[in-house]
Undergrad: 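Encoded as structure tokens, here's the structure I'll be asking about.
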Amino acid sequence: MKKKVKRKIFIWLLPLMLLFFGAMFIVTIFISFLGMDVETESSDGTGCSITGEVDVSKINQVLEGAGVFKGKGQTFIDIADKQGIDPVLFLAIAMSETGWGKSTAVREKNNPGGLMDSGTNMQTVKHFSTLDEGLEAMGVTLHNRIVNDGLNTVEKLGAVYAPIGVANDPTNLNANWIPTVKGIAEKFGGLTSGCDSGGNIGTGRYIIPVDAPIISSGFINRVNPVTGAFESHKGLDFAQPIGSNIKAADDGIVVFAGFGISGHGFGGYGNVVLIEHPKNKEWTLYAHQSELLVKVGQHVQKGEIIGKVGSTGQSTGPHLHFEIRKSKMGNQVNPAIVLGIKGA
């Protein structure tokens, strides 16, 4: 009698058990679908950083699942800094081109950017001896496109990397390139430059425009070392070896690039660049340059090399005179306060 009761209970419970485990299986599949590997995802968001800063920890975290790029976060950042490009954009394009570090080209040929081999008349992808060598070459290529050619937004780059409507893209896959790169950029914390939203170009936060900054003169009243006149020094002087890189403090538009004269409001500044930052409604000025690397109307990115330190104009030695202006012609504020430099 007991065996029959047990058998009936088991028969009654069996459908419920099957239903329960079946439901659990479906839930597991659904969760797995939602959490699919990031390399299949894209986004149509802005792709821009909220803070305007590079999130190094996030970059390293995301690269843990990026194939051969695991642990290469600092390499990307160093090369981007050297080439004057956004490290997040560099990362996003590399991930897009290599299927998150897992393509045959990057695994077997250390080629992270689809660079073609001139030795085979551009018929095969180029082989690099190390991954770092391949990343360096890709960095140079992006510098040429972004800095030299002015393709300083994802949209502009997409028109070159993945042009829409070309004969070799019959299924229009190239249309996915821009949203995919932006989506990947968001995963790394967002782009820190080239973000043009409704004309508000810039991140809203400035960086120090030189490497290894040494302040030789602050935002003070002083005797002009050239003229001997007592006057207000309306910027910061960064003592630098001649020929050192000068970097844009933020994204912006070059509104003056040339030898400053009094009629322009830049008398004594020598070779000078003035950049407008619509995001802040401010202007930054870079004076006494030995070489100008930008021209009027050019859009520049935060950290992009815009010139070389010199001693042109009223100057007693090589340095960068740097100003932050509230109007195009003046109304300067102390850059040390804005940049968070103490004791200047």
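The analysis underlying the following values was restricted to heavy atoms, covering all of them including side chains, and did not include hydrogens, waters or symmetry mates. Small disclaimer: the values here were computed from a predicted structure and weren't measured.
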Undergrad: Measuring from atom CG of L191 to atom CD1 of I184, what distance do you get when rounded to the nearest 0.5 angstrom?
TA: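 Atom-to-atom, L191:CG and I184:CD1 are 11.0 Å apart.
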
Undergrad: What distance do I246 atom CD1 and E291 atom CD have between them, rounded to the nearest 0.5 Å?
TA: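 Rounded to the nearest 0.5 Å, the CD1-CD separation comes out at 10.0 Å.
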
Undergrad: Same cluster for I77 and I305 if Ile/Leu/Val/Met/Phe/Trp/Tyr side chains link at under 4.5 Å?
TA: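 No, I77 does not connect to I305 through the hydrophobic network.
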
Undergrad: As a quick check of understanding, evaluate side-chain contact (heavy atoms from CB on, under 4.5 Å) for K247 and D211, giving each step before the final call.
TA: CA-CA 9 Å; K247 300 184 290 186; D211 296 319; 2.9 Å; yes

Undergrad: So which heavy atom on Q301 is nearest to which on I85, and how close?
TA: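 Residues Q301 and I85, closest heavy atoms: OE1-CA, 4.3 Å.
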
Undergrad: How close do T312 and G270 get, counting heavy atoms only, and between which atoms?
TA: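 Looking at all heavy atoms of both residues, the shortest contact is OG1-CA, 3.6 Å.
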
Undergrad: Counting N and O atoms only, with roles assigned by atom type, does the side chain of T180 sit under 3.5 Å from a partner on the main chain of N176, one being a donor and the other an acceptor?
TA: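 Checking the backbone N and O of N176 against the side chain of T180, a donor-acceptor pair under 3.5 Å is found.
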
Undergrad: Do K126 and E133 pass the salt bridge (Lys or Arg N to Asp or Glu O under 4.0 Å) test, and can you show the C-alpha distance, the side-chain angles, and the key distance before you say yes or no?
TA: CA-CA 11 Å; K126 189 170 183 177; E133 182 185 342; over 6 Å; no

Undergrad: Apply side-chain contact (heavy atoms from CB on, under 4.5 Å) to Q289 and V273, showing your working.
TA: CA-CA 8 Å; Q289 298 186 39; V273 168; 3.4 Å; yes

Undergrad: Check the hydrophobic clustering (I, L, V, M, F, W, Y; side-chain heavy atoms under 4.5 Å; chains of links allowed) and say if V140 and F128 are grouped together.
TA: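 No; F128 is not reachable from V140 via cluster members.
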
Undergrad: Should V300 and D250 be marked as a side-chain contact (heavy atoms from CB on, under 4.5 Å) after you check the CA-CA gap, both sets of side-chain angles, and the distance that decides it?
TA: CA-CA 8 Å; V300 295; D250 197 3; over 6 Å; no

Undergrad: Indicate yes or no: at least one non-hydrogen side-chain atom of I275 is less than 4.5 angstrom from one of I306.
TA: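 Side chain of I275 against side chain of I306, heavy atoms only: contact under 4.5 Å found.
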
Undergrad: Answer yes when E276 and K281 have at least one side-chain N-carboxylate O distance shorter than 4.0 Å, and no when they do not.
TA: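 Result for this pair is no, no salt bridge flagged.
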
Undergrad: With rounding to the nearest 0.5 angstrom, report the CG to CD1 distance, N280 to I324.
TA: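 The CD1 atom of I324 is 8.5 Å from CG of N280, to the nearest 0.5 Å.
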
Undergrad: Can you give me the closest heavy-atom contact between V88 and I59, atom names plus distance?
TA: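 The answer is CG2-CD1, 4.5 Å.
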
Undergrad: Is there a side-chain contact between V68 and L131 in this structure, where contact means two heavy atoms from C-beta onward sitting under 4.5 Å apart?
TA: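 Answer yes - side chains close enough.
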
Undergrad: Give a yes or no on whether the backbone of L151 and the side-chain of D149 come within a donor-acceptor separation of less than 3.5 Å.
TA: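 Checked: no pair found.
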
Undergrad: Tell me whether V54 shares a hydrophobic cluster with I207, the cluster being built from Ile, Leu, Val, Met, Phe, Trp, Tyr side chains joined at under 4.5 Å.
TA: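 V54 does not cluster with I207.
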
Undergrad: Can you name the nearest heavy-atom pair linking P179 to A175, along with the distance?
TA: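 The answer is CD-O, 3.5 Å.
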
Undergrad: What orientation do H321 and H288 show, parallel under 30°, tilted 30 to 60°, or perpendicular over 60°?
TA: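 Perpendicular: the ring planes of H321 and H288 meet at over 60°.
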
Undergrad: Looking at T75, L135, L91, which one forms a side chain to side chain contact (heavy atoms under 4.5 Å, CB included) with F69?
TA: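 With F69 as partner, side chain to side chain contact (heavy atoms under 4.5 Å, CB included) holds for just one option, L135.
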
Undergrad: For a quick check under 3.5 Å, do T284 and H277 share a side-chain donor-acceptor pair by atom type?
TA: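 Checked: T284/H277 side chains pair up, N/O donor to acceptor below 3.5 Å.
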
Undergrad: With no hydrogens and no angle check, is any side-chain donor or acceptor of E323 less than 3.5 Å from a backbone partner on L274?
TA: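 Flag not set: sc E323 to bb L274 has no pair under 3.5 Å.
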
Undergrad: Check V125 against N111 and note the closest heavy-atom contact, atom names and distance.
TA: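 Where V125 meets N111 most closely, the heavy atoms are CB-ND2, 3.9 Å.
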
Undergrad: N121 side chain to Q123 main-chain N or O, any donor-acceptor pair under 3.5 Å?
TA: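 Between the backbone of Q123 and the side chain of N121 there is no qualifying donor-acceptor contact (under 3.5 Å).
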
Undergrad: Begin with the C-alpha distance, continue with both residues' side-chain angles, and end with the deciding distance and a verdict on side chain to side chain donor-acceptor pair (under 3.5 Å) for E97 and W177.
TA: CA-CA 10 Å; E97 294 294 316; W177 194 90; 3.3 Å; yes

Undergrad: Whether the side chain of E108 engages the backbone of S103 through a donor-acceptor N/O pair (distance < 3.5 Å, no angle test) should be reported.
TA: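 Here the side-chain-to-backbone pair does not exist.
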
Undergrad: From F76 CZ over to L63 CG, what is the distance, rounded to the nearest 0.5 angstrom?
TA: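 So the gap between those two atoms works out to 6.5 Å.
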
Undergrad: When you compare the side chain of F322 with that of L339, does any pair of heavy atoms fall below 4.5 Å?
TA: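 Sidechains of F322 and L339: in contact.
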
Undergrad: For the residue pair L157 and I93, establish whether any side-chain heavy-atom pair is separated by less than 4.5 Å.
TA: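 With C-beta onward as the side chain, the pair touches.
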
Undergrad: F90 versus L142: any side-chain heavy-atom pair under 4.5 Å?
TA: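 Contact flag for F90/L142 side chains = yes.
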
Undergrad: At what distance, to the nearest 0.5 angstrom, does CD of E282 lie from CZ of R325?
TA: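 Between E282 CD and R325 CZ, I get 12.5 Å after rounding to 0.5 Å.
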
Undergrad: Can you confirm whether H299 sits close enough to D251 that some side-chain heavy atom of one is under 4.5 Å from a side-chain heavy atom of the other?
TA: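 The answer is no, as the side chains (C-beta and beyond) never meet within the 4.5 Å cut-off.
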
Undergrad: Report the distance from atom CH2 of W100 to atom NZ of K187, rounding to the nearest 0.5 Å.
TA: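 Taking CH2 in W100 and NZ in K187, the distance rounds to 6.5 Å.
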
Undergrad: Locate the shortest heavy-atom distance separating L293 from K308; write the atom from each residue and the value.
TA: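 It is CD1-CE, 4.2 Å.
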
Undergrad: Within the side chain of H319, is there an N or O that forms a donor-acceptor pair under 3.5 Å with the backbone of Q240?
TA: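 No, the answer is negative, given that no donor and acceptor are paired below the 3.5 Å cut-off.
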
Undergrad: Counting distance only, does the side-chain N/O of T98 pair as donor-acceptor with the main-chain N or O of K102 below 3.5 Å?
TA: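 No.
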
Undergrad: Looking only at atom types and distance, does a side-chain atom of T153 sit under 3.5 Å from a main-chain N or O of K156, one as donor and one as acceptor?
TA: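 Yes; judged by distance alone, with no hydrogens or angles, the pair exists.
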
Undergrad: Between the side chains of K302 and D86, is the shortest nitrogen-to-carboxylate-oxygen separation below 4.0 Å, so that they form an ion pair?
TA: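 Salt bridge: no.
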
Undergrad: Do you reckon L320 sits in the same ILVMFWY cluster as I242, going by side-chain contacts under 4.5 Å, direct or chained?
TA: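 No, no single cluster joins them.
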
Undergrad: Kindly work out whether a path of hydrophobic side-chain contacts (I/L/V/M/F/W/Y, heavy atoms less than 4.5 Å apart) joins V62 to V56.
TA: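 Same cluster.
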
Undergrad: Would you say the side-chain atoms of T141 pair up with the backbone N or O of A137, donor to acceptor, closer than 3.5 Å?
TA: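 It does hold such a pair.
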
Undergrad: Report the C-alpha separation of L285 and V272 in whole Å, then their side-chain angles, then the decisive distance to 0.1 Å, and conclude whether the side-chain contact (heavy atoms from CB on, under 4.5 Å) test is met.
TA: CA-CA 7 Å; L285 178 143; V272 61; 3.6 Å; yes

